[in-house]
Amino acid sequence: MKVLYNNQFKNRDEVVIDIEDRGYQFGDGIYEVMRVYNRNVFTLDEHLARFVRSAAELKIQLPYSVEDIKTMLLELVEQNHLEEGSIYVQITRGTSMRNHSFPAQSVSPVLIAYPLPKKNPSQEQQQGIKMKLVEDMRWLRCDIKSLNLLYNVMAKQEALDHQCYEALLHRNGTITEGSSTNFFAVKDGKLYTHPANNLILNGITRLEIRKLCEANDMTMIEKELTINGIESFDEAFITSTTLEIVPVTQIDDTVIGQGEPGEMTKRLQMLFQALI
Ligand SMILES: Cc1ncc(COP(=O)(O)O)c(C=O)c1O
């Protein structure tokens with residue numbers, strides 16, 4: 001496997017991350033996961049725009065221009081002959097003696113990127129999944145795609161421990177999103193999802209769903225849903241770069257709709273397949 005380390009391509013075993021890398025010690029960094037379909041990086045510009053935004057919010061100076069990062073990521077796909085899969089890219093604030101305060105300006109951020117094999121979520125996409133309600137106890141800047149995923153990890157495991165595929169996070173009864181997915185529900189033919197504010201990550205797939213709705217005469221409303229309303233959902237689904245669109249057929253003990261993927265969900269899945 002070829003790994004991008006700053007602006008150099010190396011073999012995986014040649015890359016050494018310092019014990020004082022701030023990503024390792026503080027989770028002080030940001031990341032993106034991009035899907036590669038047929039050697040093309042899907043929505044690359046959108047992912048890079050979010051990467052730049054996350055860096056700016058955390059005051060991490062990107063050491064390369066967006067154009068250079070883009071060129072290097074495309075080169076990474078080539079060097080790995082990656083037909084289908086994903087690219088993981090992260091940047092940390094750099095390496096310096098352990099201290100909470102930002103390091104000196106002379107310390108450069110550390111960029112790494114490498115390919116991930118294709119996940120195969122086709123069974124979930126066809127049959128749907130169960131979600132477990134979990135209280136959202138993350139920090140209040142979930143809009144930043146930071147390396148701090150501890151609560152996301154805890155929530156996901158809580159779901160798995162209850163034989164559910166994904167956690168459905170709620171803050172005082174208001175549904176926010178999944179542990180690594182955005183959440184949507186259909187009621188009376190309209191699609192609802194949490195507004196893109198500091199309480200969720202504004203998913204790139206979520207934005208593609210919005211475009212698909214606009215282009216195909218479907219209504220998507222950005223409005224909070226509550227856990228009290230779960231019984232009134234006709235359909236539900238989650239989205240992410242690697243899962244695309246996965247129907248939700250049960251949340252805790254509540255069966256959603258007929259307990260199988262709904263019509264609007266299936267239509268969006270078809271439209272999404274056509275996009276990629
Ligand atoms: C918390 C969270 N929400 C939503 C998403 C979905 O975002 P995207 O569609 O950009 O993959 C992710 C992706 O990893 C995530 O971690």
Side-chain angles (χ1 to χ4, degrees), residues 121 123-138 140 142-143 151-152 154-240 243-273:
Q123 193 188 326
E124 288 80 10
Q125 289 169 343
Q126 281 160 29
Q127 292 168 15
I129 53 130
K130 288 188 198 174
M131 295 186 92
K132 164 96 179 69
L133 281 171
V134 178
E135 203 180 332
D136 192 345
M137 297 188 21
R138 297 174 299 166
L140 297 174
C142 299
D143 55 311
Y151 196 76
N152 306 61
M154 301 297 290
K156 175 77 173 188
Q157 191 58 42
E158 172 85 4
L160 293 177
D161 290 346
H162 289 82
Q163 288 72 50
C164 291
Y165 186 81
E166 170 66 308
L168 180 56
L169 299 172
H170 69 93
R171 246 180 231 277
N172 304 318
T174 298
I175 293 169
T176 50
E177 60 180 337
S179 75
S180 61
T181 53
N182 288 116
F183 178 81
F184 296 76
V186 178
K187 278 200 295 183
D188 303 324
K190 295 190 179 102
L191 190 57
Y192 293 84
T193 196
H194 195 284
N197 60 15
N198 63 312
L199 299 181
I200 67 159
L201 183 78
N202 192 3
I204 304 300
T205 322
R206 177 186 183 280
L207 294 173
E208 292 302 307
I209 297 286
R210 190 167 73 187
K211 285 190 220 159
L212 284 177
C213 286
E214 281 164 8
N216 293 280
D217 216 18
M218 286 183 261
T219 310
M220 178 178 129
I221 302 172
E222 300 191 35
K223 185 168 178 274
E224 280 97 352
L225 296 158
T226 63
I227 58 174
N228 295 331
I230 285 175
E231 285 179 4
S232 70
F233 295 169
D234 300 320
E235 302 179 28
F237 62 85
I238 52 172
T239 63
S240 78
L243 294 179
E244 301 167 348
I245 302 173
V246 166
V248 176
T249 51
Q250 191 172 329
I251 300 171
D252 282 357
D253 292 330
T254 307
V255 173
I256 305 300
Q258 306 303 310
E260 50 189 53
E263 288 310 315
M264 194 159 171
T265 307
K266 286 194 284 191
R267 184 165 172 220
L268 283 164
Q269 283 180 316
M270 263 170 48
L271 291 167
F272 193 80
Q273 284 309 309

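Computed from a prediction, not measured in an experiment: that's the story for all the values here.
Across all non-hydrogen atoms, the minimal contact from Ala167 to Met131 is O-CE, 3.3 Å. Taking each heavy atom of Pro247 and Phe237 in turn, the nearest pair found is CA-CB, 3.9 Å.
Taken from NZ in Lys130 to CG in Leu168, the straight-line distance is 15.0 Å, to the nearest 0.5 Å. Note that CD1 of Ile129 and CD of Gln123 are 12.0 Å apart. Values are rounded to the nearest 0.5 Å. Annotation: the span from Ile209 atom CD1 to Thr205 atom OG1 amounts to 7.5 Å, rounded to 0.5 Å. For the atom pair CD1 (Ile256) and CD1 (Ile230), the distance works out to 6.5 Å, reported to the nearest 0.5 Å. How far NZ of Lys156 is from OG of Ser180: 5.0 Å, rounded to the nearest 0.5 Å. Note that the CD1 atom of Ile175 and the CD1 atom of Ile251 stand 6.0 Å from one another [nearest 0.5 Å].
Taking the salt bridge (Lys or Arg N to Asp or Glu O under 4.0 Å) definition, one finds that Glu208 meets it with Lys211, sequence neighbours left out. Legend: residues meeting salt bridge (Lys or Arg N to Asp or Glu O under 4.0 Å) with Asp136, ordered by chain and number and at least two apart, are Arg138, Arg171. Remark: Glu222 pairs with Arg206, Arg210 by the salt bridge (Lys or Arg N to Asp or Glu O under 4.0 Å) rule, at least two apart or across chains.
For Met264, the CE atom counts as densely surrounded, since its 6.0 Å shell holds more than 12 non-hydrogen atoms of other residues, nucleotides or ligands.
For the pair Lys187 and Ser232, the minimum side-chain heavy-atom distance is below 4.5 Å.
Listed for the Gln269 side chain is a donor-acceptor partner under 3.5 Å among the backbone atoms of Gln125. Without hydrogens or angle criteria, Thr176 side chain to Leu169 main chain gives a donor-acceptor distance under 3.5 Å. The backbone N or O of Thr239 lies less than 3.5 Å from no partner atom in the side chain of Asn182, so there is not a single donor-acceptor pair.
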How far apart are the C-alpha atoms of Leu271 and Met218, what are their side-chain angles, what is the distance that settles it, and do they pass the side-chain contact (heavy atoms from CB on, under 4.5 Å) test?
CA-CA 12 Å; Leu271 291 167; Met218 286 183 261; 3.5 Å; yes
Candidate pair Val186 and Phe233, rule side-chain contact (heavy atoms from CB on, under 4.5 Å), full reasoning:
CA-CA 6 Å; Val186 178; Phe233 295 169; over 6 Å; no
side-chain contact (heavy atoms from CB on, under 4.5 Å) for Asp143 and Leu201? Distances and angles first, verdict last.
CA-CA 4 Å; Asp143 55 311; Leu201 183 78; 5.8 Å; no
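For the side chain to side chain donor-acceptor pair (under 3.5 Å) condition, the pairs that include at least one residue of residues 160-170, sequence neighbours left out, are Gln157-Asp161, Glu166-Ser179, Glu166-Thr181. Listed by first and then second residue, the side chain to side chain donor-acceptor pair (under 3.5 Å) pairs that reach into residues 251-267 are Glu235-Thr265, sequence neighbours excluded.
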Side-chain donor-acceptor distances from residues 188-199 under 3.5 Å, at least two apart:
| unit_1 | atom_1 | unit_2 | atom_2 | d |
| --- | --- | --- | --- | --- |
| Thr193 | OG1 | Phe183 | O | 2.6 |
| Asn197 | OD1 | Leu199 | N | 2.9 |
| Asn198 | ND2 | Leu140 | O | 2.8 |

